[in-house]
Amino acid sequence: MQISSCSLSPAVKSRLTAAGFHFLSELRGLSPSHICAETGVSQQEALQVLQAVRGGASGGGASVGGASGGGGASVGPPPSLTALQLLQEEQSQRSIFSFCSQLDATLGGGLPVGKTTEICGAPGTGKTQLCLQLVVDVQVPVCFGGLGGQVVVVDTEGSFLLQRVQDIAGAVVKHCSLLVEDDEQRVAMTTFSVETILSNIFLVRCHDYVELLAELHLLPDFLSEHPRVRLLVIDSVAFPFRLHFDELSQRTRLLNGLAQQLIAMATSHNVAVVITNQMTTRLRGGQSQLVPALGESWGHAPTIRLLLQWAGTQRLATIFKSPGHPGATVQYQITSDGFRDADQSEQPPSKRPRTHTVQSATGQRDSNQSSAGQRDSNQSAAGQRDSNQSAAGQRDSNQSAAGQRDSNQSAAGQRDSNQSAAGQRECS
Amino acid sequence: MVVLREGMCPGLDADLVRDLRAAGIKTVEDVVSSDIEDLAQRCSVSYKALFAIRRVLLAQHAAFPVSGADLYEELLSSTAIISTGNPSLDKLLDSGLFTGEITELSGGPGSGKSQVCFGVAVHVSLHLKQSVIFIDTTGGLTASRLLQMMQTESSNPEEQTEALQRIHVFRLFNIFSLLDCLFALRSGRLQQACAGSVKAVIVDSVSAVISPLLGGKQNEGMSLMIQVAGALKTMAKDFNVAALVTNHVTRSDSGGVQPGLGVSWSHIPRTRVLLERRGEGGGGRALQSALCDPDQVLQTALSHQGRVRPAVVEPLERGVVGKEKTGRD
Amino acid sequence: MTESGAQLFARLEARRCLKDIEKKLFPGDGGPENGEVVELYGSEGTGKTELLYHLLSRCLLPLSAGGLEVDVVFMDTDYSLDMLRLVSILDSRLNAARSSSSSSGSDEEVLGSCLSRLLVVHCSSSSQLLLTLHFLETTLTSRPRVALLLIDSISAFYWPDRCEGGTSVTKQEEKLSKCAELLGRLLRDFRITVFATCHAIRRNYSGPSSFSSSSSSSSSSSDIDRPFLCRPWQRLVAHRLLCSKETTNMAANNNREPKRRQMFTVHCTSSSSSSSSSSSKTKSYRSSSFCITDAGVEFI
C-alpha cells in the first residue's frame with residue numbers, strides 16, 4: 001500500500017515521501033531510530049508509522065482520528081461478510097417499537113438497531129416526544145418484546161424534560177404490568193420501574209457544535225464500556241449547527257464527518273442512532289418550500305428519514321427515505337402517555353411544556369457521574385488527536401456567541417463543573 | 001519514488017548503495033536522472049556497471065509500452081456489458097455497465113441511488129450468477145431488502161440463498177479503510193477470498209467518505225480522493241469488473257443540480273447518471289434521469305415513469321455478460 | 001555517452017512534422033512544429049478527450065485514408081483510454097475513405113495496422129511518469145517513426161504531488177518540474193511533438209455544500225482557465241487549446257428532445273517564438289467550433 005493512502009498525519013507522510021519512501025512495505029523491518037534518522041520524524045511518529053506498517057490493513061484511524069471520523073476506533077481490519085450473513089444479523093436484531101403500531105408496521109417492526117434514523121419536523125410536531133418515547137421503549141425487558149437496553153441522550157436544545165420521561169415511563173410500566181402472563185415476565189417487572197428506566201438513561205448536554213463533536217469522539221469508548229446501550233439519541237443535531245458559521249463549507253464538512261461517525265457507531269456498536277432535525281424554508285423558483293435543515297448533503301447522512309408534520313388537525317408521520325421500506329404516511333397522536341396511534345378519540349394535542357424543569361434532571365446525574373468522570377479522563381488522551389485540537393481552537397472564536405445562550409445553560413454549566421470535579425476525583 | 005536498497009538488482013551491493021548515498025543519490029529516480037559518467041567518477045565505479053544498473057532499474061520501475069493492437073485484442077475478449085436489471089436504465093447506459101469503467105449514479109437524498117445499486121447487486125448475483133462486492137459506506141445496505149428484491153424475481157429459496165452468498169459486503173465508514181479495502185482488492189487477495197469471478201464492485205456512496213475531507217486548505221482530501229479514483233480505475237481495468245459508485249449532488253440557487261465532489265472528481269467516472277426525485281412526499285416515485293457522459297459521445301434524456309422501487313424493475317435477457325462491445329453509438 | 005551509429009541516425013533523422021495535423025485548429029498556418037508542446041485544457045465534458053482522439057486517429061490512419069501514418073506513444077495517466085471509442089472513430093473514417101476510393105486490404109487488417117502504430121503506456125504515479133519518460137528514450141531511439149507523444153493527462157498527479165510535497169511549493173512541484181525538464185530534453189533530441197491534456201482544477205475549492213455550487217457557476221471563467229501547473233511545464237507549452245462547451249445548463253433540465261446537438265468551442269493561443277527574434281514572443285489566436293458525432297470530431 002502506498003504511504004500517501006494510509007492514515008498518518010499529512011506532515012509525517014510528506015516527510016516519509018520526501019525521504020524516498022513510497023510504499024509501506026519499504027518500511028518493513030526498519031527500526032524506529034532508523035526511520036527517525038532517515039526522515040526526520042520524531043520517535044513517537046516513527047512508532048506510529050511502524051504501527052501502520054504492521055497493522056497493514058488496519059486503517060481505521062485509531063491513532064489519528066482526523067476529520068475522517070474514525071468513529072469506531074476499536075474496529076480492526078474491515079471484515080467482509082456475505083449478504084446472507086448480513087441478513088441473518090439483521091433478522092437476529094430486534095427493532096425498537098414506538099407504541100404507534102401503524103408507524104411500527106411501516107418500518108417493519110419499529111426503528112431498526114444498527115441504523116441511523118433522522119426525525120425531521122417543524123416545532124411542535126412531536127420530534128422530542130417521539131425521542132422520549134423511544135428512550136423508554138428501548139428499555140422494555142426482552143420478555144415483553146423489547147430490547148432491555150440502555151440509552152445515551154445527547155441533548156443540545158435543553159428539551160429533555162424529565163417530568164415528561166417520567167410520565168411516559170409510568171405509562172409503559174403500567175402497560176407492561178397489565179401484560180404479565182408468566183413468571184419470567186413477573187420477575188422482569190420487579191426491576192422494571194420508572195426509577196430503573198431513569199437510571200438507564202445517560203444524559204449528556206452539549207451547548208455548541210464543538211462540544212457535540214468532542215462528545216462524539218468520546219462516545220465509541222463509552223459505548224464499548226456500556227455494551228447494553230442500544231439507543232443513541234441526539235436532540236437535535238440542527239440546533240448547534242444553525243449558527244456561528246462564517247463559512248458554510250466548513251459546516252458541511254463537519255456535518256459530513258459527524259454523519260460518518262454516527263454510522264460507524266451504529267454499525268460497530270449495534271445501536272440505533274436517532275437524530276432530530278429542524279425544518280427550514282428553501283426558495284426555489286419563487287416558491288418557498290419546507291425542507292429539512294442543514295442542507296442537501298446532510299440528507300444523505302441518515303439511513304432512514306422520518307418527517308413529522310401537521311395536516312390540518314391531524315399529525316402525520318412520513319417515511320421520506322429508507323433503503324428497506326417503501327415510502328408511506330401514517331397518522332399518530334401525542335397523548336399524556338406518549339406517542340400513540342391516532343385511532344383513539346381526538347384529544348387535544350399536548351403541547352410540550354415550555355417551562356424548564358431541567359434542574360430535576362440532576363436526579364440521574366449520580367448514575368452519570370462515574371461514566372462522565374471516565375470520559376473526562378479520556379479527554380486528555382483524546383486531546384492529542386488532530387481534530388480535537390482544531391476543535392479546541394474553534395472554541396475560542398465561539399466564546400462570544402456563548403453569551404447568547406438561553407437559561408438552561410446555567411443548569412448545564414453546573415453539570416460541567418460537576419463533571420470536572422468528578423473527573424478530578426477519579427484522577428486522584 | 002523508490003529508495004535504493006542493496007540487492008535490488010545485480011551489481012547494486014551495500015558498498016555501492018553507501019557510496020551513492022554519499023553522493024546524494026538515494027532513490028531510483030536519482031540514479032536515473034543523474035549523469036552516469038559523472039556519478040561513476042564520484043563513486044569510483046565503472047561506467048559500464050553503473051550504466052547496466054541504471055538500465056535494469058529503469059526496466060524494473062518504468063511502465064512498459066503495449067501495442068495498441070494487442071490492447072484492443074485483449075479488450076475485445078474481456079470486455080463485458082453487465083445489465084443493471086432495469087431495462088430503461090440499461091437503455092440509458094447503452095445496454096448496461098461496462099466492465100473496466102466507472103459508472104456514477106448521483107442524486108439527492110431519497111432519489112433511489114441505493115435502490116439502483118441493490119438492483120444491480122441482485123441482478124448480477126441472481127441472474128448472472130456472478131459475485132458482487134458491495135462496499136457500504138453509509139450503513140444503508142439492508143439485506144432484507146435484497147432478499148425482498150430477489151423474492152420478486154425468483155421463488156426458489158435455495159437460489160436466493162446462493163445469490164445472497166455471492167454478494168460480499170464491506171462496511172467501511174472512513175476513507176482510509178476504503179482505500180485499504182480497494183488496495184487489498186486490487187492486489188487480488190479479495191478476488192480469491194470471494195471465490196468465483198467478481199463482475200461488479202459497488203461503492204455506495206463514495207461521496208460519504210470523501211466529502212468530510214474536502215474543503216479547507218489541506219490538500220490531503222484531494223489527494224486521497226484521487227487515490228480512491230485511481231484504485232477504482234485500475235481495479236476495474238485490471239480485473240475487468242464494472243465499478244458503480246454513488247455521489248451526492250449540489251444545488252445552485254437557481255435549483256440547478258450537479259453531481260458533487262467538485263471538478264477534480266468530475267472527470268473520473270466514464271459515465272454519470274443523474275437521478276432525481278419527482279414529486280414530494282411518498283407516493284409513486286417517478287424517476288427522471290439525464291445521462292451526462294463525460295465525453296459527450298451522446299447525450300440523451302430519458303424519463304421513465306413508474307416507481308423506482310425495483311419491484312418494477314424486471315430482469316432482462318440473461319447471459320448479457322460476455323457480449324462484445326464494438327463502440328458506442 | 002555511448003551511442004551507436006544507428007542510434008545517432010535515428011535521433012537525427014527528421015521525424016514527421018505534424019504542422020498539418022488539423023488546419024482548422026491552429027491560427028494561420030502555424031500548426032505545431034517539431035519539438036513543440038500543445039496543451040488541451042478544459043473541464044469535464046468539454047470535448048478534450050474527443051479532440052485528442054480526433055488528432056490521434058489522424059496520426060494513426062494510413063495515408064490512403066487521409067491520415068499521417070505515423071507512430072504514436074500514448075501515456076495514459078488517468079487510466080481513461082477508451083480503446084473501443086478510438087476504434088469506432090478509426091472504423092468510421094476508414095469506411096468513409098473506402099467508399100470514396102477503393103483501397104486494398106480487409107477492414108481488420110487495416111485497423112490492425114493502424115492500432116499497431118499506437119503504443120500505450122499506463123502510469124500510476126508521477127515518479128513512474130518520470131521513470132517512464134526516461135525509459136521512452138530507448139523506445140524513441142528504436143522507433144524512428146514515432147512522431148507524437150500524447151499525455152492524458154499531465155495534471156493527473158497534481159493533488160497527490162501537492163499533498164506529498166508538504167508545505168513547500170518547490171517540493172510540491174518538484175516531480176512535474178523534473179518531468180517537464182526531461183520532456184524538454186526529449187523534444188530537443190528527438191524533435192517529436194507532444195500533445196497533453198490538462199484538467200481544469202478549481203483551486204479555491206469551497207466544499208460540496210449545497211450552497212457553494214453557486215459560486216462555481218458565478219466565478220469568472222478566467223479564474224478557472226488560468227494555468228496552474230508548474231512554471232517549467234508552462235514554459236514548454238507553445239500552443240494552448242482551451243476547450244469549452246457552448247450550450248449551458250445541460251444537466252438535469254427538461255431537455256426531453258433526444259440527442260440535442262452539442263457544440264464545442266476550442267480557443268487556440270499560440271505563442272510561437274520565431275527563431276529570428278527569439279526574444280519577442282508573438283501570440284496569435286484562433287477560435288473554432290466542432291460537434292461530436294459517432295465518427296468523432298467534426299469541425300464546422
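Here is the naming used below: chain letters follow the sequence lines, and residue numbers restart at 1 for every chain.
Closest non-hydrogen pair, B:P65 versus C:L119, comes out as CB-CD2, 4.2 Å. Residues B:S67 and C:L115 share a closest heavy-atom pair of OG-O, 4.2 Å. Here the closest non-hydrogen pair linking B:S223 and C:C163 is CB-CB, 3.4 Å. Annotation for B:K237 and C:L81: closest pair NZ-O, 3.7 Å, computed over non-hydrogen atoms. Closest approach of B:A63 to C:H122, counting heavy atoms only: CB-O, 2.9 Å. Annotation for B:Y72 and C:L111: closest pair CE2-CD2, 4.2 Å, computed over non-hydrogen atoms.
Between chain B and the options C:D161, C:V121, C:L130, heavy-atom pairs under 4.5 Å are most frequent for C:V121. Put simply, of C:D78, C:V120, C:V73, C:L118, the one with the most heavy-atom pairs under 4.5 Å next to chain B is C:V120.
C:Y158 contributes atom OH, which lies 9.0 Å from atom CE of B:M222 (distance to the nearest 0.5 angstrom). With rounding to the nearest 0.5 Å, the separation of CG in B:L75 from CG in C:L86 is 11.0 Å. Put simply, CD1 on B:I226 and CZ on C:F157 are 10.0 Å apart, with the number rounded to the nearest 0.5 Å. Between the CG atom of B:L58 and the CG atom of C:L131 there is a distance of 6.0 Å, given to the nearest 0.5 Å. Distance check, rounded to the nearest 0.5 Å: OH of C:Y79 to NZ of B:K233 gives 10.0 Å. Between the CD atom of B:E220 and the CZ atom of C:R162 there is a distance of 13.5 Å, given to the nearest 0.5 Å.
C:H199 and B:H267 have parallel rings, their planes meeting at less than 30° on a 0 to 90° scale where 60° marks the start of perpendicular.
Looking at C:K178, the atoms closer than 4.5 Å to chain B (heavy atoms on both sides) all sit in the side chain, from C-beta outward. Contacts of C:S116 with chain B are made by both backbone and side-chain atoms, with heavy-atom separations under 4.5 Å. For a residue to count as touching a neighbouring chain, one of its non-hydrogen atoms must lie under 4.5 Å from one of that chain's; by this rule C:Q172 touches chain B with the side chain only. At a 4.5 Å heavy-atom cutoff, the contact between B:S33 and chain C is made by backbone and side-chain atoms alike.
Annotation for B:Q60: atom CD counts as buried by contact number, over 12 foreign heavy atoms lying within 6.0 Å.
The shortest side-chain heavy-atom distance between C:H134 and B:R54 falls under the 4.5 Å cut-off.
Every residue two or more places apart in sequence or in another chain was checked for a side-chain hydrogen bond (donor to acceptor under 3.5 Å, both in side chains) with B:R55, and none qualifies.
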